[in-house]
Each structure stands twice: as structure tokens, then as C-alpha cells.
Amino acid sequence: MTIRCRIAPSPTGPLHIGTARTALFNSLFARRHGGTFILRLEDTDVARSTLEFERDILDGLHWLGLDWDEGPAVGDIGERGAFGPYRQMQRLDAYREAAERLLRMDAAYECFCTTEDLATDRAAQEAGHQPPHYVGRCADLNTEQRRQRRADNPTPVIRFRVGEGRVEFHDLVRGDVSIDTSALGGDLVIVRSDGTPLYHFTVCVDDTAMDISHVIRGEDHLSNTPKHILLFRALGADVPAFAHLPLILNPDRTKMSKRKSQTAMAAYIEQGYVREALINHLALLGWASGTEEELFSFDELTRLFDLDRVHQGGAVFDRERLDWLNGQWIRRIPDEELVERALPFLTTSVAVHAATGAAVRDPAADDVRDLLPMVRERLPRLDAIGPLVDFLFLDELRVDATMLVPKRWDASTTLTGLTEARRIVGRLGEVSFEADEIEAALRGLCEERGWKPGDLFMAIRVALTGRTATPPLFDTMIALGLERTLERLDRAREALDPG
RNA sequence: GCCCCCAUCGUCUAGAGGCCUAGGACGCCACCCUUUCAAGGUGGAGAUCAGGGGUUCGAAUCCCCUUGGGGGUACCA
């Protein structure tokens, strides 16, 4: 059996974390079994769909490395695959044909009920404590009745008959599921009054046309699956296998939502999460390898993943864990690649200073390459690079006098310390400006004076960087250069002794 | 309301009847390392496996009930 699965996002919002996870699992499943991974754009909600959202979704999936074997034309990439078009609004003919077929077979019928009719029904059902459902007013109209009702409402919808009985199916992660058609809410609308098709209908027509073998999607679709099965049968199609993934949850265990969590993939990208970490984290939300290994690359997942190890319970999206994974993966990214990925974040960070009027030097790839050894272990996210080294790119650093004084020291000791340090570094720097030598000399100074090295170093650190948490001090001095090091030490001394 | 699904440390999870006085990871705490911050190392706290009934010589694992949670119930997807 050829495995064909798909991700079918709707461009009515930016790429959602949940969509990305579903795409990942589909992609992994296809790769694992030598199948085909298809992308289909479900853009039939014309009112809410936009090209920007479509762009965001496609870019995000691509950024994650989730490339599809078949899919629509995007940008300069042409359509791929023999089952297109892969954009639903370009498949209207197929839906029209299928709807007409269902109408001819009397598996569907035209419904002339108005929004008001339906609202009245709904209200009555609610009052009578009945589940909301379509009452079937138009289910059995004869030709004459249809003609009359059409006079009042010339734009009927098309409803699909759900019939009676139970629908049973085997879900690859849930096991056997059984739902009575009476719980489906009555005959469902498959074509709007404006002639455009609705989701439950298009999904079945397309999965059939695209020969989808496995439908892997979020659990929120579990209750809708019987409708789809009924539709597949009516269409005379093979029913694909289903696998409903556990939901990704907010911390309060409700379905992950924009209101309570950060759901847009783009936001994570902006904050410096790397694709390796996002993939790893998403994979672990609802799937486990069964080993004690926690770090998985996409390729490893491709070899290990299978549906039989997918969970049934929902999983809270844990940022702390993502952060940890992100740090782990950042430490594993090859130098040149990390340089390339981190540079934009540094640039942005420096630009923020520039925007406040500070004179800055724009960071270059060479800068990041030089700084890599001292920042790599300190980056839970790529955007952390700014606060870590941005002081290197400021022409002038203004440091508050009170901040310069270490906890155990007073202002005059600090002034003495910085003055002495300036003298030593200045003298040493003319000969050689190397971390080891500077450190040895300054430690010697501390011994002489009875100072704790940590105190002196802290005073220098603040003088040079304006921060109390920085990369190792002596590497920082080298990165800053002799001239600027001395200059900042002088500025700090001036701040401590304005007179 | 009705239907469906789910239920192991705070979180992600291992566990497919005896290997479990329940393992790992994140987070948390302590110590070590250490010029700060990280990273790393070591150790610790943390789950009577939602509760109650069965089945069995034996149940976190199988069955039933209860409770709790979630999802679905559109001319959204």
C-alpha cells in the first residue's frame, strides 16, 4: 500500500503551533514509510483567508524543514504532484461535480431554510433541552414544493443526508470509536447558498481525489470523522485510515489558543528559537521514543517515529522545556551556520540602540564568528545574543556610578581599583594584549592589595560592559580592544570622581 | 444539554500483569566547578499511578462504575 498523507492548513490565520505539529507528524509518518507528504491549501473560507496568512504558513513550514512532495505553486516554485490543483478554490469544479452526483443519488438535497428558520429551530431545541440539530424540513420535498420554496429563496444550500445507525471506525491512535449518526446534528450543509463548498465536504472530495491513505490530524476532528466516513461512502470512495493526535494544551489544559499561549510559529522564530529545537519539542508533544534519549534530530525522528507510540492524552506546551531544548540545539549547530543564524538577532539588537540615538557600529559576520566561543553556551535563544555582547558595538558607554561599585566595596576603593587596573592593563597592552597575561597581572594586583579578585573583576566588568552578567571578562577585553578598554576604564573613573 | 475522547511527579513522559519500595527529562533545591552569567558535574525533594469496585496467586498495566478534564456539536477549518 502506498502511503499518502497530507497537511491541509487553512490560510485564515498565521501558522499555528498545532498545525506545525500535525504537519510534522504527517511528514514523519510519510518519510518513515517511504510515502508521500502532500500540502493542500484549504482556502474555501474566502472571507477570512488571506494571501499573507498563506505566505506565513508556507514560510513557516519551510523554515521548519517540513518540505512537501506535492503541493501548490508558491512564489517561484511551481506546482508539484499529479493530483493538483492543491488549492481548494481552484478545485471548485470537482466539488460541484461531486455535489451534483450526491444530489442525483438523493444522498443530498437542496435546503431552502433561511437563517431565521434555523435560528428559530435552534432556540426551540435549546428551550426543550434537545441537542441542536437540523430538523429536516427540506429533506423530503417533492418537485412542486421545491419550486414553491425556491420562489422565496432562490439560493438554497445543499445538505447531505446523514441517515441512521452507528458509524464505527478504527483510529490508529484511539482504537475503536463508535458514534451514532443521531449525534451528528442532522443533515449537514456541504455547499453554501453562494455555491462554495464547506470543509467537511471538500476534505472528503479532495482526500479521495488525492488518494490520501492516512488522515493524521488533531483530536478536535475526532467527532467529525463519522461525517467524513459517511461522505466517503456516499462518494463511493475508499475510507482512509485515521489517526487523531492529542491536542496541544494551554497551561490550564484547554486547547492551545492565541489568548492564553503564544501560538504563532512566527513569534517563536522571531525570538530566536531554532528549527531543530522546535521540531524536537513538537515531536515530544504526544510522542515518545520509548528510550531515555531526549534529543532528536529530524532525521532521527524520521527513522524512529511511528503512530503506535503516539499518546492519547493532551500535552501542555511547556516553554521551559522548549528553552532547554533550544539551548541544547544551539550548542550543536555548526559554527558557520550559527554565525549566519545569530547575526540578524545581533543586528536587530544593536539597531535598537541606534534608534535611541546612540552611535553604533553594525555587527558583521566576522564579529559573530569571533564572539561565538564566548556566547554559544550562554544562548537559551538566539535573541539572547544582543544583551550579551551589544556593548561591543556601542561607540560610547554611559555607566551609572552606583552600578560600578561592587557589593563589598565602596566608591573610593572602586576608584582605586579601576585606576590601578587601568595602569596595569595599559602597560601590559603595549607589549601584548592577551587574556592570560591580563588575568595574571590583575590577580597579582589583588593579592598585593588584599582584594578579592571577584570584586575587582566585577568593577571592571561593569565599567566595560555596563552589565553585571557578561561573557568571561578577559575575552571581553580582547573583543573590545585595548584602546576602548582603556577609554571605558577612564570614563568609569570619571563617573566615580567627577571632580 | 447531547455525543465522543482522555486520566502516571508541577510539566513532557517510560511503563504493554510479576523486572515498579514506579524510571528518565524539563523545572525546582543543595553542593562542586567558577571573575559575573551561563554551561557542566554530583546529589535531593517531587506520583499512595484520579477514586471505588471487580478479574487474578499477583494490577499503574485488564473490566465496570464514579469523579475530573478536554474536544465536538456553524452556510469556520
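Keep in mind that what you see is a predicted model, and the values were worked out from it rather than measured. Chain A is the first sequence line, chain B the second, and so forth, proteins listed ahead of strands; every chain is numbered from 1.
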*For M458(A) and for P246(A), locate the closest nucleotide of RNA chain B by heavy-atom distance; then report the residue assigned to the nucleotide nearer the 5' terminus.*
P246(A)

What is the distance, to the nearest angstrom, from the [atom1] atom on [X] to the [atom2] atom on [N]?
X       : N      : atom1 : atom2 : value
H311(A) : C5(B)  : NE2   : P     : 19 Å
L456(A) : U36(B) : CG    : C1'   : 13 Å
I248(A) : C5(B)  : CD1   : P     : 22 Å
R319(A) : C28(B) : CZ    : P     : 15 Å
L325(A) : U13(B) : CG    : C1'   : 13 Å
L445(A) : U35(B) : CG    : C1'   : 14 Å
L372(A) : A39(B) : CG    : P     : 17 Å
F169(A) : C5(B)  : CZ    : P     : 8 Å

Mind checking if [X] touches a base, just sugar-phosphate, or nothing, with heavy atoms under 4.0 Å?
X       : result
R166(A) : sugar-phosphate
F474(A) : base
P472(A) : base

Please enumerate all residues that pass side chain to side chain donor-acceptor pair (under 3.5 Å) together with [X], with sequence neighbours excluded.
X       : result
R233(A) : none
S261(A) : N250(A)
R408(A) : D455(A)
R341(A) : E276(A), E337(A)

Base-pairing mate for [N] - Watson-Crick or G-U, with both contacts under 3.5 Å:
N      : answer
C31(B) : G41(B)
G72(B) : C2(B)
U48(B) : none
A7(B)  : U67(B)

*Is the gap between the ring centers of H228(A) and H200(A) under 6.0 Å?*
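Yes, ring centres under 6.0 Å apart.
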
*Compute the centroid of each ring, for F305(A) and then for F25(A), and state whether the two points are separated by less than 6.0 Å.*
yes

Could you give the distance from [atom1] ([X]) to [atom2] ([Y]), rounded to the nearest 0.5 Å?
X       : Y       : atom1 : atom2 : answer
Y273(A) : H281(A) : OH    : NE2   : 9.5 Å
E219(A) : D171(A) : CD    : CG    : 9.0 Å
R55(A)  : L15(A)  : CZ    : CG    : 13.0 Å
L442(A) : E437(A) : CG    : CD    : 11.5 Å

I need a per-nucleotide contact map over [range], read 5' to 3'. Cutoff is protein heavy atoms under 4.0 Å; write B for the base, S for backbone only, - otherwise.
range                        : result
nucleotides 70-77 of chain B : SBSS-BBB
nucleotides 15-27 of chain B : S-------SBBSS
nucleotides 41-52 of chain B : ------------

*asked:* Donor-acceptor check, side chain of Y199(A) to backbone of T44(A), threshold 3.5 angstrom: yes or no?
replied: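 Looks like no, no N/O pair under 3.5 Å.
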
*For residues L39(A) and P9(A), determine if any side-chain heavy atom of one lies less than 4.5 Å from a side-chain heavy atom of the other.*
yes

Rounding to the closest angstrom, what is the interatomic distance between [N] and [M] at atom [atom1]?
N      : M      : atom1 : value
U55(B) : U73(B) : C1'   : 37 Å
G15(B) : A7(B)  : P     : 13 Å
U34(B) : U42(B) : C1'   : 16 Å
G46(B) : A22(B) : P     : 11 Å
C37(B) : C32(B) : P     : 14 Å
C62(B) : G18(B) : C1'   : 15 Å
C20(B) : C63(B) : P     : 24 Å
U8(B)  : A47(B) : C1'   : 7 Å

*Which of these, I279(A), L245(A), L278(A), sits in a side-chain contact (heavy atoms from CB on, under 4.5 Å) with L24(A)?*
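So, applying the side-chain contact (heavy atoms from CB on, under 4.5 Å) to L24(A) and each of I279(A), L245(A), L278(A), only I279(A) qualifies.
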
*Test salt bridge (Lys or Arg N to Asp or Glu O under 4.0 Å) on K452(A) and E447(A) and set out the steps.*
CA-CA 8 Å; K452(A) 288 200 161 189; E447(A) 203 163 327; over 6 Å; no

*Side-chain N or O of Q312(A) closer than 4.0 Å to phosphate OP1/OP2 of C5(B)*: no

_If you compare every side-chain N and O of R174(A) against the phosphate oxygens of C4(B) (OP1, OP2), does one of them come in below 4.0 Å?_
no

_Short of 4.0 Å, heavy atom to strand atom, which residues of residues 275-287 of chain A count as contacting RNA chain B?_
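L284(A), L285(A), G286(A) - these, ordered by number, are the residues of the stretch whose heavy atoms sit under 4.0 Å from the strand.
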
*For residues 377-387 of chain A, which residues have at least one heavy atom under 4.0 Å from RNA chain B?*
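Within residues 377-387 of chain A, the residues near RNA chain B are E377(A), R378(A).
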
*asked:* Applying ring-ring contact (aromatic ring centres under 6.0 Å, His included), can you list everything that pairs with Y95(A), at least two apart in sequence or on another chain?
replied: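 Y95(A) satisfies ring-ring contact (aromatic ring centres under 6.0 Å, His included) with no residue once adjacent residues are dropped.
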
_Applying ring-ring contact (aromatic ring centres under 6.0 Å, His included), can you list everything that pairs with F53(A), at least two apart in sequence or on another chain?_
none

_side-chain hydrogen bond (donor to acceptor under 3.5 Å, both in side chains): pairs with one or both residues in residues 304-317 of chain A, sequence neighbours excluded_ =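 Sorted pair list: H33(A)-D306(A).
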
*Might you point out which heavy atoms bring L404(A) and P406(A) nearest each other, and give the distance in Å?*
O-CD, 3.2 Å

*Does F37(A) have R6(A) sitting over its ring (NZ/CZ under 6.0 Å from centre, angle to axis within 45°)?*
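The answer is no; the distance or angle limit is not met.
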
